[in-house]
**Q** 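Quick one: this structure, given as structure tokens, is what I'll be asking you about.
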Amino acid sequence: MKNNILIIGGGPAGLEASAQLQRMGYNVILIERSAKLGGHLAKWDRLFPDRVPADEVLGGLLRAAEGVKCFTDTDIRAINRLEKSYNVRLTNGITVLSDAVLVASGFDLFNAVRKEEYGYGIYNQVMTNADLEAYFKTGNDKRIENPKKIGFVHCVGSRDEKSGCRSCSKVCCATAVKQAIEIKQAFPQAEVFCFYMDLRLFGRHYEDLYLEAQKEYGVRFIRGRVAEVSENYDGTLLVKAEDTVASKPLKVTLDLLVLMSGMRPSASVKELGEHLGMMVEEDGYFSVRSGISAGQRSPQPGIFLAGAATGPKTLPETLADARAAAMEIERYLTEIFPDARNYKQLVKERW
Amino acid sequence: MIYEGKQKIWSEYQKEIPDDHYFYVRSCIRQSFFPASEATFLDITRNVLGKDIFETEHHTTCGGIAYHSDTIPQETVMTIIARQFALMAKHGYENYVCSCITSFGLYCETMETWREYPELEAKIRENLWKSCKLEFAKPKFLVHASDLIYKYRNLIAAQAVRKLVNVHTGEPLKVVEHIGCHYSKMFPSKGVGGAEYPYVLVGMIEAWGGEIVDYPERRHCCGFGFRQYFIKGNRGYSLSNTHKKFESMEPFKPDLIITNCPGCPYFLDRWQYVIAESTGKTYGQDGHGIPALTYEEVAGLVMGYDPWDLGLQTHQVGVEPLLDKMGVEYDPAKKYLGKDGKDLGSPQPCACLK
Amino acid sequence: MVDFGFGLVPSSRINLDLFDKEKYEELAAMEPDVRICMACGSCTAVCTAGKFVPTSLREAIEAIKNANSEKALQMLESCQLCGKCSMVCPRGINTRHLILSITKVYSKK
């Protein structure tokens, strides 16, 4: 008989894992809180570093997951752990007896309103990376009307004790460089500035993206965090930062400011954690069995994790994580789970 | 500007301000700079609004000037503050209101330090007992006098005889609000509206019919820090800070500046004179300056007090253009006459500043 | 005018609104790799003249971008054109050519 596997979260991690597990022959049930599948990927225009269209990648993921039972607008009502399996009651009334649960709850973007000094939601010409990505998709944003001087602020809500997140969000630097190029392509006469603390361009082709931004598009990178944004009489923005390389405070008048909002643990973590009895670390992401050798297993037998639920990840890392989780689930369901007599012993040895 | 964005932030930084029964402490220098401000505060709160604002002649400075100039250590200033609190407890009050904003910052700093280091609080208790046999109780609520006027702003508006409106054009006056640095920059949660978009003076202006000007250097210090101006060699920095603010607010053409600190209106007023006389530049219309008033003076003006009873003649920047805009009746001849009609002498006219 | 014994202090803040884009484009046309300097400081570290007198191509490029071309020229005054900076630049910039281009474009004739 085929095992049931419940996947919580219909973003890239959930979709990729469900496709793999279905291919392996399992009975996959995927639930997604919101009305649409695809998670944040559905809202993006082009992906760094090579600027492939996001909807192509999403299309591929959705096609591969065809045949998987997907319930959107669905959440968990209650979960009971039986001896080995999980009895899950969903909000759509359906009950699933699941032999393994994969948590792929993803991330939320930091709410940039909380960085009061940047004036998001107060000054008209301030927007976030998500807003800009939406602009690239739709061509429509009343803040963007032939801007002549554009600034990007790295690390908004990341590496920032005051807003509650010490760590780096990994993907924003590459996104900023990508968006700087894209906006320069849209407005070739504009001057573009990127205000950064450190440029984290660690992946393959990322350095080339940086070089391209500087060489082909003349983007100016200023090492210094934007500290204060105000509005001039004519509605333009007065931006203050320090050029730490020159060791001098700096000011510039900009027509548009884009805030690189960082990644935060999904708001669903608290509820999910309670339902499943899962532990969360100080940074708000779920704990894993071992950060290096068992990153897709939670400390509890039968509960698996994939994607940004365990920390900021790039999209290729998320997909690789999802495939690894599928493999871990398969190993669990063939080596540990079937042996009812020695289950507890096997969990002790091999989980 | 998206006003609703600011409103959301203001709603997050609400502060509990009790309605009545306060122990009031005065400022060291406000009575010299703005003679009628504290008197007007007491007149409005006690006589017009009927509140219980108590003060004793035995209270002293909070020690802020000496502390911020590095002449006394923190323990000494904490003991002085403890004595102030002891007087408050002795007279049966638990709400504390102070007139000076640096004091307010210092009181907040002291209370926070005591909260984090209870052993220091115990030591100060001992110090106070040894030095003057007094025991102190920490105030339950600590507010600044501008917080109180903010709390009463609608009561004042209800009894006001005029609004912050230009009677000739019908337009609201454009008002720049300047918050003292020590109000909320150190402890944003202790200020109404937080540190980035403080609401205490904005609330007053809105209640009294004016229009707020938000200009780029709004948050910038005016330069009244003791370290910035005590020594003549440093004073240029203080002057330049105020200059930066005026250059930034100029395009918005404000009619009035309202402040809640002892020093800020002083410098925003006097440095306009220095800038005018040393460079020839003025920031008001036709060679006038922009009047810089304390919130008590503005409250007094909307309540119908005589400008000369409010001490407005002591301002270096002439307030007459503002009074004319607001339609205030005043007698120019009485400007430099004392309470009994005695001639107090008048200042020499300035070369550049009218 | 009255002398009070103290006066306005000039601002030492960099004002990017004063950046001369036209002149910079003239320089970039001559030496496009001025755009790709990443301010690593390798050139300054090995500079022959820099051991004795403040000399730094990194600082000169930064000064140009910060609207301070006098400082840029000052930083390159003592350059010996020895080529040590070209040897070490990780981005492969032809630094000697860049130095000569900067002095050509920004010197007042």
**Q** Using a strict threshold of under 4.0 Å (side-chain N to carboxylate O), is an ion pair present between A:Asp243 and C:Lys65?
**A** no
**Q** Working note: C:Leu16 + A:Phe193, criterion side-chain contact (heavy atoms from CB on, under 4.5 Å); need CA distance, chi angles, decisive distance, verdict.
**A** CA-CA 10 Å; C:Leu16 284 185; A:Phe193 302 91; 3.8 Å; yes
**Q** Among A:Glu216, A:Glu242, A:Lys251, which residue has the highest count of heavy-atom pairs closer than 4.5 Å to chain C?
**A** A:Lys251
**Q** Counting only heavy atoms not in C:Phe4, do more than 12 sit closer than 6.0 Å to its CZ atom?
**A** yes
**Q** Are there residues of residues 48-61 of chain C whose heavy atoms fall under 4.5 Å of chain A's heavy atoms? If so, which?
**A** C:Arg58
**Q** Answer with side chain, backbone, both or neither: which region of A:Leu199 has an atom nearer than 4.5 Å to a non-hydrogen atom of chain C?
**A** neither
**Q** So, the side chain of C:Asp17 versus the backbone of A:Thr253: is there a donor-acceptor pair under 3.5 Å, distance only?
**A** yes
**Q** Not counting sequence neighbours, which residues clear side-chain hydrogen bond (donor to acceptor under 3.5 Å, both in side chains) with A:Glu191? List them please.
**A** none
**Q** When only pairs under 4.5 Å are counted, which of C:Asn66, C:Ile14, C:Asn15 shares the most heavy-atom pairs with chain A?
**A** C:Ile14
**Q** Is the number of heavy atoms from other residues, nucleotides or ligands under 6.0 Å of A:Lys162 NZ greater than 12?
**A** no
**Q** Select all residues of residues 68-92 of chain C having any heavy atom within less than 4.5 Å of some heavy atom of chain A, and report them by number, or 'none'.
**A** C:Arg91
**Q** Looking at C:Glu62 and A:Ala246, what are the two nearest heavy atoms and their distance?
**A** OE2-CB, 3.1 Å
**Q** Can you tell which of A:Lys215, A:Lys240, A:Arg220 has the highest number of heavy-atom pairs within less than 4.5 Å of chain C?
**A** A:Arg220
**Q** Applying a criterion of heavy atom separation less than 4.5 Å, what residues of residues 22-44 of chain C form contacts with chain A?
**A** C:Asp33, C:Arg35, C:Ile36, C:Cys37, C:Met38, C:Ala39
